[in-house]
Amino acid sequence: MARGFDFKAIEDRWQRSWEESGAFTVAEDPGRAKFYLLEMYPYPSGRIHMGHVRNYAIGDVMARFLRMRGYNVLHPMGWDAFGLPAENAAIEHRTHPAKWTTENIAYMRTQLKRMGFSYDWNREITCSDPEYYKWGQWLFLKLYEKGLAYKKLSAVNWCEVCQTVLANEQVEGGLCWRDETPVVQRELPGWFFKITAYAEELLVGLDQLPGWPDRVKVMQRNWIGKSVGAEVRFPLPDREQPLTIFTTRQDTLFGATFMILAPEHPLALTLSKGTPQEGKAHAFVQRMKREDKILRTAADAEKEGVFTGAYAINPLTHERIPIWIGNFVLLEYGTGAIMAVPSNDQRDFEFAKKYALPIRLAVKPLDSDLDETDMDRAYEEEGVLVNSGPFTAMASQQAREAIADFLEREGIGTRAVNYRLRDWGISRQRYWGTPIPIIYCDQCGTVPVPYDDLPVILPQDVEISMKGGSPLGKVASFVNVPCPRCGRPAKRETDTMDTFVDSSWYFLRFASPHAHDGPVTPSQVNYWMPVDQYIGGVEHAVLHLLYARFFTKVIRDLGLIAVDEPFTRLLTQGMVCKETHRCPEHGFLLPEEVGADRRCRACGRQVEIGRIEKMSKSKKNIIDPEDLLAHYGADTARVFCLFAAPPERDLEWSEQGVEGSFRFLTRIVRLVEEREELLRCPSVPVPFSRLVAGRALYRKAQQTVKRVTEDVEKEFHFNTAISALMELANEIGHFDLVGMPGEEDERRFAFTYAVDVLLILLSPFAPHLCEELWERLGRDRSIFQMAWPTYDSAVIKAEEILMVVQVDGKVRGRVFLPADVGEEAMREAALADERVTAWLQDRSVKRVVVVPQKLVNIVTGGSR
RNA sequence: GCCGGGGUGGCGGAACUGGGAGACGCACGGGACUUAAAAUCCUGCGAACGCGAGUUCAUGCGGGUUCGACUCCCGCCCCCGGCACCA
């Protein structure tokens, strides 16, 4: 290692030392404030990527900082080890998912250790470990007992590539979240968790989370999608049962001129029976069933429908109105049927125009009139009711209450709430996941596996393929079991659980990772929970982060934990990005595939360079942390990730930026090495009141303590914290150790103090290097056993202030004044300043604004 | 369309609660050291005008409030992310 410093040796040495001393092992300690710091655990894909480095570097700085601040810090790590990539790898490399996963974990663990992350490895958990998934199965059974886990046949999202069902949260814009291929709808039986039972609590609980970013809360709020309105029963002539609809706009009821059913609505076909429309309605429903539902219900799809031939009675106008079937009405939402108010709903308007259905205005704008025969679009805003019988002239909002009251009084309807949130489909037709602990018996039906028989072990000897359904179904020794109730031959459930189930409670397990009589040990979990700070990517805003909140509430209701919300504070870090090289012919290129003339080496076309995009294999703009580690070491990697951008923003990779961080650390090494002898000798403390020559440096060090502490603690502004450390390092570098005769001791004291402070403050960011230098200076303990420095606000305050003098708001002069200067003295000094008086010639002073300790603004009466 | 986050030098980014815009770093220019280069050190670095002291302009655009606006208010433009026929 020629360049800089021998980071390899330093890192190896200290990593071994921390491991041997068990520096990061923690236990409950009621005497100390606890802090549970957690980063989202990784999927063991094979090797860590820059996103991990950034995520875990942020967490590790926090962990080390908080320990030095005196907290009892739980900082664990584990593996989200179940999931489809292991099966794909198994097929591709002819290996077993378990082997592939275990090897990946082993390698990635060494990588994390080489980054110097301070985890308590005694608490490591792997969710493909039977000791872990046993308790996932246990929780499943508890949910089943409480009616929160159930099986049903339903239309589900199916990914052809993954050969499995996906949860709603795993479909993004009609595409599979993992491979971005189109998702299709399929009728399939599967297991669901009743997350909707907690919809309201999941919604209102967001208000109790001031430490969460707004955008995540907004995304969850939108996802839960609460709508307040009413269910209204529209009588059907000649039928006992009315047609019930849900609306949020009961104020527009008088404008309901027809109704629309979802094609899957049970009445869609029965209502048309015996009418002249029967054939047409039947054909339409059949066609809708064949069409892809995601396309059919997309926002930009053309509205289509057919008349059923039947009529309902508008319960307020008592008019007979036609019932239609429409492609855009969803069975799953509300009651699967709507009243159509074309005057006040754009979708209904388009439908009415297309099929020449009547339009009657129900709500008009406050300040103008509308003619329903002459509208070119619906009036959807609030307004004043018209054509609405006794409610005419009421404001929308008031009318909604009045009409809801009326509906309830007359027995026509009830107030109602609807949520967009659907139950969480957790069945996966794949192998590498937690087996669902259920047995099907011809005699006894669906039988839960008895608790004593847990875990249901995932068999090892399985042929994995992406064809012919769940691989577990082909393992006879797994499938065929005696019924736990009657003993007769029965069959196991062959679906496994969504891996998001595993990650919905892993943070609880870390508190008591080896508990063997339950998923958690209440005394331990209640000491550590909630997670005080959670750090991870925003891509989990409505996936993991919603499921984990749901599980926390369920487990609380089981009486195992005492918290309502799992994560008190959440930091969503930005992505790691890098520029891409794109050839119009060959797509994304590696930098080395581009010639010096910015042309593609393969075809000679001009290559588009400079688009900054998230690092990804497919865009060929990956930086392997392994290379970073080899060339610059872990400390540089950490400092770069934290310095280049504030954590919540995207980080743009820059080779020069890394170089800069490396230079900074090298400078620190030089700073210490050049004065090593001197720094090793104990210096005699000089009280601040007597400090003269070293006063400025001492103060700078204290100011840096304040800045770094506040930056790290309050806002995670690691970038500005590091810049403050750079400033201090610069000032130390320029400090004159000799000065005037007689000042040496004082200067030595200030210098030593500043260097010590610098090393301690820097140690969470660059732990290996700081430990090394600390030791080289002969300081007796590990730097991480040092208390975080404090500062004295009297020291920090400069005894001189620089007063800015403005004339008419423009800076015209600067004057040094004693810090305790009064307003009147500031005013006088400002008016006496030479440069200022020049500006004041021929102008009259109209007013003088004095900002204490800071600035004087002289306002003049006009031009000269 | 709705919701959220942004827009500041060549670049990444600073700026407390309305008070010196551009901290810190990168890139770049000049200089020192060197036979030379690298490394390191010193120095300059928003733009325009000026020999210079300095002056004017400048935080997406247009208005406003204020002694004073990157910061507050009104109206627009652009970029990124999320949701999107949810009745």
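Only heavy atoms go into these numbers, but all of them, side chains included; no hydrogens, no water, no symmetry mates. In what follows, chains are A, B, ... by sequence order, proteins preceding strands, each numbered from 1.
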Atom [atom1], compared across [N] and [M]: separation rounded to whole Å:
N: B:U59; M: B:G9; atom1: P; value: 9 Å
N: B:G60; M: B:U71; atom1: P; value: 8 Å
N: B:C49; M: B:C16; atom1: C1'; value: 35 Å
N: B:U65; M: B:A14; atom1: C1'; value: 27 Å
N: B:C72; M: B:G18; atom1: C1'; value: 8 Å
N: B:C70; M: B:U17; atom1: C1'; value: 15 Å
N: B:G62; M: B:C3; atom1: P; value: 26 Å
N: B:C24; M: B:A15; atom1: P; value: 13 Å

Note to self: Tell me whether the count of non-hydrogen atoms from other residues, nucleotides or ligands lying under 6.0 Å of NZ in A:Lys354 goes above 12.
What the structure shows: yes
Note to self: Surrounding CD of A:Glu800 (heavy atoms of other residues, nucleotides or ligands, distance under 6.0 Å), is the total greater than 12?
What the structure shows: yes
Next item on the list: Establish, yes or no, whether the cationic atom of A:Lys303 lies under 6.0 Å from the six-membered ring centre of A:Phe328 and within 45° of the ring axis.
Entry: yes
Can you tell me the distance, in whole Å, between the [atom1] atom of [X] and the [atom2] atom of [N]?
X: A:Phe662; N: B:A38; atom1: CZ; atom2: C1'; answer: 14 Å
X: A:Asp833; N: B:G20; atom1: CG; atom2: C1'; answer: 14 Å
X: A:Glu727; N: B:G25; atom1: CD; atom2: P; answer: 8 Å
X: A:His540; N: B:G82; atom1: NE2; atom2: C1'; answer: 15 Å
X: A:Ile722; N: B:C26; atom1: CD1; atom2: C1'; answer: 15 Å
X: A:Arg347; N: B:G1; atom1: CZ; atom2: P; answer: 17 Å
X: A:Phe765; N: B:C24; atom1: CZ; atom2: C1'; answer: 13 Å
X: A:Leu330; N: B:A87; atom1: CG; atom2: P; answer: 10 Å

Looking across every strand, which nucleic acid part, if any, lies under 4.0 Å from [X] by heavy atom: base, sugar-phosphate, or nothing?
X: A:Val341; value: nothing
X: A:Asp650; value: sugar-phosphate
X: A:Ser654; value: nothing
X: A:Val804; value: base
X: A:Arg667; value: sugar-phosphate
X: A:Gln346; value: nothing
X: A:Pro646; value: sugar-phosphate

Note to self: My understanding is that only one of A:Thr308, A:Ile260, A:Leu267 makes a side-chain contact (heavy atoms from CB on, under 4.5 Å) with A:Ile323; could you say which?
What the structure shows: A:Thr308
Return the nearest nucleotide to the side chain of [X]; candidates are [options].
X: A:Phe246; options: B:A87, B:G82, B:U40; answer: B:A87
X: A:Trp223; options: B:C41, B:A84, B:A87; answer: B:A84
X: A:Val859; options: B:C67, B:G4, B:C26; answer: B:C67
X: A:Asn730; options: B:G25, B:G19, B:A87; answer: B:G25
X: A:Asn719; options: B:C67, B:G13, B:A23; answer: B:G13
X: A:Phe643; options: B:U56, B:C24, B:U40; answer: B:C24
X: A:His734; options: B:U56, B:C42, B:G13; answer: B:C42
X: A:Val849; options: B:A23, B:G12, B:G19; answer: B:G19
X: A:Arg420; options: B:U55, B:G4, B:C86; answer: B:C86
X: A:Arg835; options: B:U55, B:A14, B:A87; answer: B:U55

Is any side-chain N or O of [X] under 3.5 Å from a base N or O of [N], one able to act as donor and the other as acceptor?
X: A:Glu648; N: B:G5; value: no
X: A:Asn857; N: B:C67; value: yes
X: A:Arg814; N: B:G20; value: yes
X: A:Lys303; N: B:C85; value: yes

Salt bridge [X]-[Y], side-chain N to carboxylate O under 4.0 Å:
X: A:Arg249; Y: A:Asp251; answer: yes
X: A:Glu382; Y: A:Arg400; answer: yes
X: A:Glu304; Y: A:Arg287; answer: yes

Quick one: is [N] close enough that its OP1 or OP2 comes under 4.0 Å of any side-chain N or O from [X]?
X: A:Arg649; N: B:G81; value: no
X: A:Arg847; N: B:C67; value: yes
X: A:Lys810; N: B:G54; value: no
X: A:Arg221; N: B:G4; value: no
X: A:Arg377; N: B:G1; value: no

In the structure shown, which nucleotide is the Watson-Crick or G-U wobble counterpart of [N], with both distances under 3.5 Å?
N: B:G1; answer: B:C83
N: B:C72; answer: B:G64
N: B:G25; answer: B:C11

Next item on the list: List the steps and the verdict of salt bridge (Lys or Arg N to Asp or Glu O under 4.0 Å) for A:Lys846 and A:Asp808.
Entry: CA-CA 10 Å; A:Lys846 228 171 87 183; A:Asp808 293 327; over 6 Å; no
Checklist line | Steps toward salt bridge (Lys or Arg N to Asp or Glu O under 4.0 Å) verdict (A:Arg347, A:Asp345) | finding: CA-CA 6 Å; A:Arg347 298 158 300 179; A:Asp345 183 289; 2.6 Å; yes
Check: What do you reckon, are the aromatic ring centroids of A:Phe662 and A:Phe5 less than 6.0 Å apart?
Finding: yes
Check: Given that A:Arg812 and A:Val542 both sit by RNA chain B, which one's nearest nucleotide is further toward the 5' end?
Finding: A:Arg812
Check: Starting at the 5' end of RNA chain B, which residue's closest nucleotide do you reach first, A:Asn418 or A:Val851?
Finding: A:Val851
